[in-house]
Amino acid sequence: MLDIKVIREEPGRVKQAILDRDTSAEVADVDGALEMDARRRALLVEVEDLKHQRNKASDDIVRLKKEGGDTSAIVEKMRAISERIKELDGEVRDVEAEIGKIMLDIPNIPHETVPVGPDEESNVEVRRWGEKPSFTFKPKPHWEIGEALGILDFERGAKIAASRFTLLRDSGALLERALINFMLDLHTREHGYTEVFPPILGNRETFTATGQLPKFEEDMYVCNDDLLLVPTAEVPVTNIHRDEILPEEDLTIKYVAYTPCFRREAGSYGKDVRGLIRQHQFNKVEMVKFAHPDKGFDELEAMIINAEEVLRRLGIHHRVMLLSTGDLGFSAAKCYDLEVWLPAAGEFREISSCSCCTDFQARRANIRFKPSGGGKPRFVHTLNGSGLAVGRTVAAILENFQLDDGRVVVPPVLQPYMGGKTVIE
RNA sequence: GGAGAGAUGGCCGAGUGGACUAAGGCGCACGCCUGGAAAGCGUGUGGGCGGGUAGACCUCGUCCCGUGGGUUCAAAUCCCACUCUCUCCGCCA
């Protein structure tokens with residue numbers, strides 16, 4: 001959620017940001033918000049004055065009664081005023097609900113360093129690491145490698161649940177678990193993150209705070225009792241500090257969490273139908289930060305480097321993309337995608353997305369800090385980034401380290417996590 | 001799933017319609033005292049919104065005793081609904 005004051009003072013800038021994102025203007029109703037905001041303030045001035053009168057009258061009644069005087073005139077007068085207060089309170093409530101509805105649909109304002117453009121074509125490559133592996137044979141896609149090795153079973157995954165669910169077996173399951181442990185160890189021991197394991201279902205308040213609701217409900221699995229399966233650990237972990245005021249000296253707070261993630265992938269029929277790239281259920285190690293507003297964008301630079309480090313240690317070719325305004329997520333002000341090289345398709349694919357949401361989520365979630373020098377609480381900046389998506393990492397390992405006989409070399413850094421196994425065969 | 005109890009400020013805890021501007025205690029901050037400290041004494045202590053201001057500070061007003069409604073001139077206090085927590089029983093990894 002944006003600060004209503006920003007909309008009040010710079011409506012043109014907000015509207016331009018919405019245009020840059022290619023969000024339709026009737027959904028993000030800036031003028032409607034302005035109108036309702038003015039109406040709200042006018043109502044408040046009126047109703048608060050009446051309440052002031054009521055409070056004074058209440059004192060008078062007490063005094064009169066003690067003196068044995070007659071209170072019937074003043075009580076009669078207050079009856080009418082109270083009636084009017086009730087009406088106005090109702091109007092304020094309606095107007096505030098309307099403002100709230102509008103505000104929840106307005107996306108974050110992109111940072112000034114974000115390239116303006118309508119889609120991913122305008123993304124900018126920031127850097128690249130390593131080299132494409134060279135093969136003496138035609139590299140196979142990971143689903144063929146995995147099925148041949150008996151470690152990926154798409155058919156049975158579909159039988160158990162539906163398409164886009166996969167059964168991992170033997171070294172496949174082991175590799176998945178090894179990657180989770182390797183990533184968690186790296187981020188906790190070397191990058192200073194605290195490990196958490198959150199609930200994987202969340203309530204509507206939680207999903208609204210991070211921006212998944214109300215706009216993107218069709219992308220979520222909704223369960224009984226009004227609980228939703230998390231599409232990323234960003235949702236529960238960011239909500240750890242919802243409605244809290246943190247001591248400034250605790251910032252930056254850095255969490256890392258492994259969780260399964262669930263996405264309906266509505267509207268992506270026909271895209272990436274084969275393999276592990278686009279699943280309804282996948283594992284992810286997620287980094288989340290709560291930062292001082294002066295540090296948000298520095299922390300974003302640090303976070304994308306933390307994500308890259310996973311691929312460096314694994315030894316896999318990758319690049320970092322700065323997303324353009326049109327490709328930016330709803331809550332993000334700035335976002336880097338980490339893209340891994342997949343040799344079978346001969347292309348880079350997103351394996352991590354690191355975003356600084358500035359105070360957009362913090363305002364929705366009411367996460368603040370108390371400045372240590374005194375003064376009013378301020379909203380923190382929240383950041384999140386994959387470190388990394390585990391299924392896509394499995395795909396990248398299978399494809400980048402495949403041998404001509406169908407076996408796959410285990411990256412050295414993972415071998416201790418796989419009982420010393422050096423080759424999957 | 002059944003039965004019961006509860007939710008008040010950073011924490012403990014009092015409060016059965018008007019003096020609640022929420023007692024008292026603890027904690028914390030500052031000051032006095034001290035060679036220094038402790039004790040003691042004194043002062044202070046949260047958040048939201050709005051007006052006065054373009055903003056800082058300040059100031060005025062309003063709201064906040066789990067949440068949302070209701071009764072009343074007036075609600076922490078009475079009524080209704082909901083949420084959460086705790087205890088016991090049952091079931092369960």
Side-chain angles (χ1 to χ4, degrees), chain A residues 1-13 33-104 197-209 223-228 236 239-250 260 293-294 359 362-380:
Chain A
M1 190 154 51
L2 299 180
D3 188 346
I4 187 73
K5 284 182 201 136
V6 171
I7 295 181
R8 215 181 276 159
E9 285 157 20
E10 306 175 82
R13 187 172 145 235
L34 280 170
E35 214 171 286
M36 288 292 138
D37 175 53
R39 170 133 182 78
R40 169 173 177 272
R41 283 182 294 154
L43 284 169
L44 281 180
V45 169
E46 188 180 352
V47 74
E48 286 187 4
D49 178 61
L50 291 177
K51 284 179 178 174
H52 182 50
Q53 287 184 43
R54 181 177 69 183
N55 289 343
K56 277 194 306 193
S58 221
D59 291 345
D60 292 342
I61 289 171
V62 170
R63 197 174 316 112
L64 273 173
K65 280 200 168 174
K66 204 180 300 170
E67 292 164 359
D70 177 22
T71 60
S72 58
I74 189 163
V75 164
E76 196 47 48
K77 188 175 158 214
M78 283 306 112
R79 200 189 306 273
I81 286 186
S82 277
E83 198 50 46
R84 181 70 184 140
I85 287 173
K86 194 171 289 186
E87 281 171 30
L88 290 171
D89 271 344
E91 285 181 45
V92 169
R93 197 182 331 131
D94 293 346
V95 167
E96 285 184 344
E98 189 58 37
I99 293 172
K101 242 166 61 190
I102 294 170
M103 295 298 285
L104 286 178
F197 188 80
I200 294 161
L201 288 166
N203 57 39
R204 285 182 181 273
E205 228 180 326
T206 291
F207 275 70
T208 304
C223 302
N224 293 341
D225 304 322
D226 230 14
L227 293 170
L228 294 82
N239 273 277
I240 288 174
H241 294 299
R242 172 151 52 90
D243 294 321
E244 291 185 18
I245 299 176
L246 306 161
E248 180 174 0
E249 52 271 24
D250 284 4
D294 295 344
D359 58 3
R363 187 168 277 111
R364 287 173 166 240
N366 193 25
I367 307 169
R368 292 171 292 172
F369 72 96
K370 182 95 176 161
S372 45
K376 287 279 162 194
R378 299 174 60 193
F379 290 107
V380 299

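Every value quoted in this text rests on a predicted model; they were computed, and no experiment measured them. All chains are named by letter (A, B, ...) in the order of the sequence lines, taking the proteins before the strands, and each is independently numbered beginning at 1.
OP1 and OP2 of B:rC49 both lie 4.0 Å or more from every side-chain N or O belonging to A:R41. In this structure, A:R368 reaches the B:rG48 phosphate: one of its side-chain N or O atoms is under 4.0 Å from OP1 or OP2. Proximity of A:H52 to the phosphate of B:rU62: a side-chain N or O atom is located under 4.0 Å from OP1 or OP2. For the OP1/OP2 pair of B:rC49 and a distance below 4.0 Å, the side-chain nitrogens and oxygens of A:R40 include no atom meeting the criterion. Proximity of A:R93 to the phosphate of B:rG69: a side-chain N or O atom is located under 4.0 Å from OP1 or OP2.
The nearest pair of heavy atoms linking A:P377 to A:P371 is CA-CD, 4.0 Å. Considering all non-hydrogen atoms of both residues, A:E91 and A:L43 come closest at OE1-CD2, 3.5 Å. Across every non-hydrogen atom of A:I200 and A:P260, the tightest pair is CD1-CD, 3.5 Å.
If you check B:rG48, B:rG18, B:rC73 against the side chain of A:M78, the one that comes closest is B:rC73. When distances run from any side-chain atom of A:K376 to the nucleotides B:rG51, B:rG47, B:rG18, the shortest one goes to B:rG47. Listed nucleotides B:rG61, B:rA74, B:rG51 differ in distance to A:S82; the shortest reach to its side chain belongs to B:rA74. Distances were taken from every side-chain heavy atom of A:I61 (C-beta onward) to each of B:rC49, B:rC73, B:rC63; the shortest belongs to B:rC73. Of the candidates B:rG61, B:rG55, B:rC63, the closest approach to any side-chain atom of A:E48 belongs to B:rG61.
Nucleic acid contact for A:K86: sugar-phosphate only, since backbone atoms but no base atoms lie under 4.0 Å from a heavy atom of the residue. Nucleic acid contact class of A:R63 (heavy atoms, under 4.0 Å, all strands): none. Within 4.0 Å (heavy atoms only), A:L44 reaches sugar-phosphate atoms of the nucleic acid but no base atom.
For A:D89 and B:rG70, the CG to C1' distance is 14 Å, given to the nearest whole Å. The separation between A:F379 atom CZ and B:rG48 atom P is 8 Å, rounded to whole Å. As a whole-Å value, the separation of A:N55 CG from B:rG17 P is 20 Å. Computed from coordinates, the A:I85 CD1 to B:rU72 P distance equals 15 Å when rounded to whole Å. We find that CD of A:E76 is positioned 12 Å from P of B:rA74, with the value rounded to whole Å. What separates CG of A:D225 from P of B:rU83 is a distance of 10 Å, to the nearest Å. For the pair A:D70 CG and B:rC73 P, the computed distance is 15 Å after rounding to whole Å. As rounded to whole Å, 11 Å separates atom C1' of B:rU62 from atom CG of A:D49.
Remark: B:rA56 base-pairs with no nucleotide in the shown strands. Criterion, Watson-Crick or G-U wobble with two distances under 3.5 Å. The nucleotide B:rA23 finds no pairing partner, because no Watson-Crick or G-U wobble arrangement with both distances shorter than 3.5 Å includes it. Base pairing of B:rC32: its partner is B:rG40, meeting the Watson-Crick or G-U wobble criterion (both donor-acceptor distances under 3.5 Å). B:rG61 is paired with B:rC49 under the criterion used here, namely a Watson-Crick or G-U wobble arrangement in which both key atom distances are under 3.5 Å. A 3.5 Å limit on both hydrogen-bonding distances identifies B:rU67 as the Watson-Crick or G-U partner of B:rA81. Partner assigned to B:rC88 is B:rG2, using Watson-Crick or G-U wobble distances below 3.5 angstrom. For B:rG18, the paired nucleotide is B:rC73, the pair qualifying as Watson-Crick or G-U wobble because both relevant distances are below 3.5 Å.
By the 4.5 Å heavy-atom criterion applied to side chains, A:F379 and A:D3 are not counted as neighbours. Annotation: side chain of A:V95 is in contact with side chain of A:I99 (closest heavy-atom distance under 4.5 Å).
Taking a 6.0 Å sphere around CD of A:E248, one finds it holds more than 12 heavy atoms contributed by other residues, nucleotides or ligands.
B:rU59 and B:rA75 have their P atoms separated by 28 Å, with the value rounded to a whole Å. Separation of the P atoms belonging to B:rG9 and B:rC64 is 15 Å when rounded to the nearest angstrom. Taking atom C1' on both nucleotides, B:rG17 is separated from B:rA76 by 11 Å, rounded to a whole Å. Of the C1' atoms belonging to B:rC28 and B:rG10, the separation is 9 Å, rounded to the nearest Å. Straight-line distance between the C1' atoms of B:rG68 and B:rU83: roughly 10 Å, to the nearest whole Å. When the P atom is compared between B:rU43 and B:rC79, the two are found 39 Å apart, to the nearest whole Å. Remark: the separation of the P atoms in B:rA5 and B:rU21 is 31 Å, to the nearest Å. A distance of about 44 Å separates the P atoms of B:rG31 and B:rU85, rounded to the whole Å.
Under 4.0 Å is where a charged nitrogen must lie from a carboxylate oxygen, and between A:R40 and A:E96 at least one such pair does. Taking the charged nitrogens against the carboxylate oxygens, A:R242 and A:E205 do have a contact shorter than 4.0 Å, which makes a salt bridge.
One N or O donor and one acceptor, one from the side chain of A:K65 and one from the base of B:rG18, sit under 3.5 Å apart.
Along RNA chain B, the nucleotide closest to A:V75 and the one closest to A:K370 are compared, and the more 5′ of them pairs with A:K370. Closest-nucleotide positions on RNA chain B for A:D37 and A:V62 were compared, and the one nearer the 5' end corresponds to A:V62.
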